[in-house]
Protein chains: 2
Amino acid sequence: MADIESTSYTKQRILDAAEALFAEKGYKAVTVREIVKTAGCNIAAVNYHFGQKRSLYLQVFEYRWIPRALRVQEAFRQNLEKSGSVDTAGIVRALALAFLEGPLSEEERIRHNQLMARELAHPSEAFELVVKRVMRPFIKEVLELLRMSVQRPMDEQELVLSLLSIFSQILYFSSARMPVSLFTGKRYTSGFRERLCEHIIAFSLRGLGMGEEGEEC
Amino acid sequence: MADIESTSYTKQRILDAAEALFAEKGYKAVTVREIVKTAGCNIAAVNYHFGQKRSLYLQVFEYRWIPRALRVQEAFRQNLEKSGSVDTAGIVRALALAFLEGPLSEEERIRHNQLMARELAHPSEAFELVVKRVMRPFIKEVLELLRMSVQRPMDEQELVLSLLSIFSQILYFSSARMPVSLFTGKRYTSGFRERLCEHIIAFSLRGLGMGEEGEEC
DNA sequence: GTCTATAGCAGGATAGAC
DNA sequence: GTCTATCCTGCTATAGAC
């Protein structure tokens with residue numbers, strides 16, 4: 001991540017274009033021609049910088065997705081620190097805020113979550129990388145925090161499943177925007193996003209068996 | 001749906017093969033050649049029966065996905081009837097059971113949910129059809145039931161969002177099997193599926209603000 | 001490091017025999 | 001209604017000039 005920033009500007013443009021297109025349409029549905037057209041360069045540039053389409057896809061994760069995921073994790077830690085007390089409510093709120101309002105622009109967040117939703121549904125080599133470098137350490141970290149804070153008796157498996165329930169909502173509400181808009185009758189304005197965030201926090205906290213506590217965003 | 005059963009056997013085989021492949025790989029990633037190879041027929045048969053690839057995709061929804069979704073809805077109603085009292089716990093349980101253990105074979109259910117997950121992430125004309133004929137009426141039906149049964153004061157929007165939270169978990173736990181297995185350390189045996197089902201029911205019931213009630217599957 | 005040109009192949013779709 | 005044979009487009013990937 002340090003050296004890639006010093007490399008060719010064209011390479012950066014290709015990575016950006018590729019990520020946006022892969023997120024929107026999926027690997028197979030995107031053509032290299034489309035990518036270079038968006039990036040404003042020639043088709044041979046992809047081969048020069050990445051060798052082949054597949055390795056471009058993997059490097060999108062390596063140099064774009066993973067660093068961004070680490071920024072989200074860092075935001076979670078900062079949210080937690082700001083909230084002072086490390087209780088369950090604080091953890092869930094810090095999680096939801098980091099993933100739904102966090103350090104990413106709205107566009108970046110959609111791209112980020114869609115790319116992940118695609119890998120979840122159809123894991124590839126990229127997924128292994130993400131599990132190892134991002135998900136496994138983060139899940140471990142959050143589980144440890146939750147384990148200490150949760151009051152109600154709860155075995156390890158229930159804790160893991162509850163965390164996955166929380167992630168499932170975060171992913172759903174940020175990936176499946178169309179059905180959410182359809183059934184709530186609301187467009188994704190910033191006010192509505194805050195409302196969604198509050199809902200996920202409240203629903204999940206109760207789901208974890210914590211009564212109502214702080215409710216402001 | 002009545003007349004399609006009387007049509008050519010080849011047409012049925014193509015629909016079956018196409019659905020399985022579209023669910024697994026997505027529209028663009030599947031080739032017509034692959035479909036006819038799986039269906040054991042010739043490539044010209046697709047053109048004869050469906051005109052073009054796109055309309056084959058749409059007819060998969062028309063003649064396979066939608067009828068199956070209606071069977072799941074019917075299972076929900078029967079679950080509800082069996083449970084006797086129409087309280088919130090009964091509704092949530094009937095929902096989760098219909099979608100996660102319901103009338104579909106394990107294979108059918110994965111296919112069904114993956115196809116939906118794909119449409120959610122990238123809605124096409126098929127999604128409009130599904131919204132109109134399946135989702136909108138069903139959401140309306142379940143919302144009405146919930147509205148009558150929920151005790152705690154809850155506005156209409158909160159009710160809709162809570163229902164979506166429940167669906168998000170159902171979809172996640174049946175589509176994202178790999179990460180779920182990874183982080184729980186469990187394979188998707190029938191015992192584990194029951195455990196997941198119980199988790200979703202318990203988490204969602206608490207999420208809706210109902211305390212613990214019946215807990216057997 | 002970026003381009004043009006092109007090889008080589010796989011895809012969707014169709015014509016026409018049976 | 002199902003087949004074989006074929007058209008043509010658009011894809012990835014590379015060779016080679018600049």
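Proteins get letters first, then strands, A, B, ... in listed order; numbering begins at 1 in each.
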- Note on the structure: In whole angstroms, the gap separating P of C/dT2 from NZ of A/K11 amounts to 11 Å
- With the side chain of A/C41 defined as its heavy atoms from C-beta on, choose the nearest nucleotide among D/dG1, C/dG12, C/dC3. C/dC3
- Pick base, sugar-phosphate or nothing for B/V30, based on heavy-atom distances below 4.0 Å to the nucleic acid. sugar-phosphate
- Query: Which distance, rounded to the nearest 0.5 Å, do you find between the CG of B/L164 and the CD of B/Q169?
  - Reply: 11.5 Å
- Nearest whole angstrom, please: distance from the P of C/dC9 to the CZ of B/R33. 14 Å
- Could you state the atom-to-atom distance from NZ of A/K53 to P of D/dC11 in whole Å? 10 Å
- Indicate whether OP1 or OP2 belonging to C/dT2 is found under 4.0 Å from a side-chain N or O atom of A/T10. yes
- Task: Apply salt bridge (charged side-chain N to carboxylate O under 4.0 Å, His left out) to the pair B/E106 and B/R109, showing each step before the final yes or no.
- Result: CA-CA 5 Å; B/E106 179 64 1; B/R109 180 166 36 244; 2.9 Å; yes
- pair A/M135-B/F183: side-chain heavy atoms closer than 4.5 Å: yes
- Just how far is it from atom CG of B/D16 to atom OG1 of B/T38, taken to the nearest 0.5 Å? 11.0 Å
- Query: Can you tell me if the side-chain N/O atoms of A/T31 get under 4.0 Å from OP1 or OP2 in D/dG10?
  - Reply: no
- Roughly, in whole Å, what's the span from OH in A/Y9 to P in C/dT2? 12 Å
- Item | Length of the NE2-P vector between B/H49 and D/dC3, whole Å | 9 Å
- Centre of B/F50's six-membered ring, under 6.0 Å away, within 45 degrees of the axis: is that where NZ or CZ of B/K11 sits? yes
- Item | Whole-Å distance separating the CZ atom of A/R13 from the P atom of C/dG1 | 16 Å
Pull out every protein N or O sitting under 3.5 Å from an N or O of nucleotides 14-18 of chain D, one pair per line with the distance.
unit_1: D/dT14; atom_1: OP2; unit_2: A/N47; atom_2: ND2; d: 2.9

- Message: For the residue pair A/R68 / A/Q73, report whether a side-chain donor-acceptor contact shorter than 3.5 Å exists.
- Response: no
- Item | Between C/dA10 (P) and A/K28 (NZ): distance, integer Å | 11 Å
- Nearest-angstrom distance from the residue atom OH of A/Y27 to P of D/dC11: 14 Å
- Item | B/R118 side chain near B/Y27 side chain, heavy-atom distance below 4.5 Å | no
